[in-house]
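What follows is one structure encoded as structure tokens, with my remarks underneath.
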There are 2 protein chains.
Amino acid sequence: MFTGCPPVTAPIRIGDKWTAKIIRCLERGPRRFTELQTPLRGITPKVLTESLRAMERDGLLTRTAYDEIPPRVEYELTDLGRSLLEPMNAGCEWSRRHLPELIAARDAWHAAP
Amino acid sequence: MFTGCPPVTAPIRIGDKWTAKIIRCLERGPRRFTELQTPLRGITPKVLTESLRAMERDGLLTRTAYDEIPPRVEYELTDLGRSLLEPMNAGCEWSRRHLPELIAARDAWHAAP
DNA sequence: CCGTATCCGTACTGATACTG
DNA sequence: CAGTATCAGTACGGATACGG
């Protein structure tokens with residue numbers, strides 16, 4: 001799902017529900033666990049962990065744990081993960097150009113079935 | 001999901017599970033219900049109907065029923081539905097270029113956890 | 001031929017509580 | 001701070017059978 005279309009079911013998604021959003025959060029540099037949790041408001045630590053682990057397995061991001069107290073863990077996009085920005089931007093471009101038409105069609109359906 | 005990556009969880013999807021596949025099936029012209037059901041092997045009529053109705057509501061395709069016996073119904077992409085081919089192709093291009101890296105990363109994870 | 005109706009399993013997501 | 005553990009609701013997709 002892409003930012004900018006929260007109320008409708010997004011016609012374009014990357015991976016699972018959170019993958020694309022996480023990539024957007026990491027777009028401008030590494031982020032810590034809670035730095036991801038905050039903008040993705042509503043996500044529970046369990047689900048965030050699952051998504052991050054899956055993305056790590058797929059080589060989309062790296063996880064770096066520092067031996068400090070309090071603990072610090074940083075997540076950063078790999079080149080592979082960053083390469084997903086390209087099709088994501090194509091999807092965003094489609095949304096900007098055509099999503100209003102889709103919304104209009106959906107509204108018209110409600111108005112005159 | 002895009003054709004060419006069946007065994008892995010596709011990193012890119014359009015709408016629900018079947019939307020993108022249906023668009024591909026309609027890419028080269030209108031198709032009938034069973035003409036869609038055959039290439040999408042495994043889809044049940046219930047699910048296909050649900051997907052087609054949702055896409056019709058969103059203005060992605062049109063449904064035309066002819067009063068004949070036996071009945072004939074044709075589904076055809078609208079311009080809006082056809083416009084989705086653009087981001088879909090961007091996703092396909094990503095898959096062609098980068099999916100092997102993703103698979104390799106996933107395999108490496110299994111090999112040395 | 002083109003669906004609808006009914007039932008059902010599971011997979012996804014989340015709330016809540018707890019730990020190193 | 002950065003998670004793990006447990007429990008639970010729901011929505012998605014599918015199997016099967018039947019109807020216009």
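Protein chains get the first letters and strands the later ones, always in sequence-line order, with residue 1 at the start of each.
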Euclidean distance, atom [atom1] of residue [X] to atom [atom2] of [N] [Å, nearest integer]:
X: A/Arg41; N: C/dG14; atom1: CZ; atom2: P; result: 14 Å
X: B/Leu40; N: D/dG13; atom1: CG; atom2: P; result: 13 Å
X: B/Gln37; N: C/dT4; atom1: CD; atom2: C1'; result: 13 Å
X: B/Glu74; N: C/dC2; atom1: CD; atom2: P; result: 9 Å
X: A/Glu50; N: C/dG14; atom1: CD; atom2: P; result: 10 Å
X: B/Arg31; N: C/dG3; atom1: CZ; atom2: C1'; result: 20 Å
X: A/Asp67; N: D/dG3; atom1: CG; atom2: P; result: 13 Å
X: A/Arg63; N: D/dC1; atom1: CZ; atom2: P; result: 16 Å

[N] phosphate, OP1 or OP2: any side-chain N/O from [X] under 4.0 angstrom?
X: A/Tyr75; N: D/dG3; result: yes
X: B/Arg32; N: C/dC2; result: yes
X: B/Thr49; N: C/dT4; result: yes
X: A/Arg53; N: D/dT4; result: yes

Review item, nucleotides 14-20 of chain D N/O atoms under 3.5 Å of protein N/O:
from, atom 1, to, atom 2, distance (Å)
D/dG14, OP1, B/Lys17, NZ, 3.0
D/dG14, OP2, B/Trp18, NE1, 3.3
D/dG14, N7, B/Lys46, NZ, 3.2
D/dG14, O6, B/Lys46, NZ, 2.1

Could [X] and [Y] be called an ion pair, given the rule that one side-chain N must be under 4.0 Å from one carboxylate O?
X: A/Arg97; Y: B/Glu86; value: yes
X: A/Arg106; Y: A/Glu101; value: no
X: B/Glu27; Y: B/Arg24; value: yes
X: B/Arg96; Y: B/Glu93; value: yes

Report the distance from atom [atom1] of [X] to atom [atom2] of [Y], rounding to the nearest 0.5 Å.
X: A/Leu48; Y: A/Tyr75; atom1: CG; atom2: OH; result: 7.0 Å
X: B/Leu80; Y: B/Leu60; atom1: CG; atom2: CG; result: 5.5 Å
X: A/Trp94; Y: B/Met88; atom1: CH2; atom2: CE; result: 11.5 Å

With sugar-phosphate meaning primed atoms plus P, OP1 and OP2, does B/Tyr66 contact a base, only sugar-phosphate, or nothing at under 4.0 Å between heavy atoms?
-> nothing
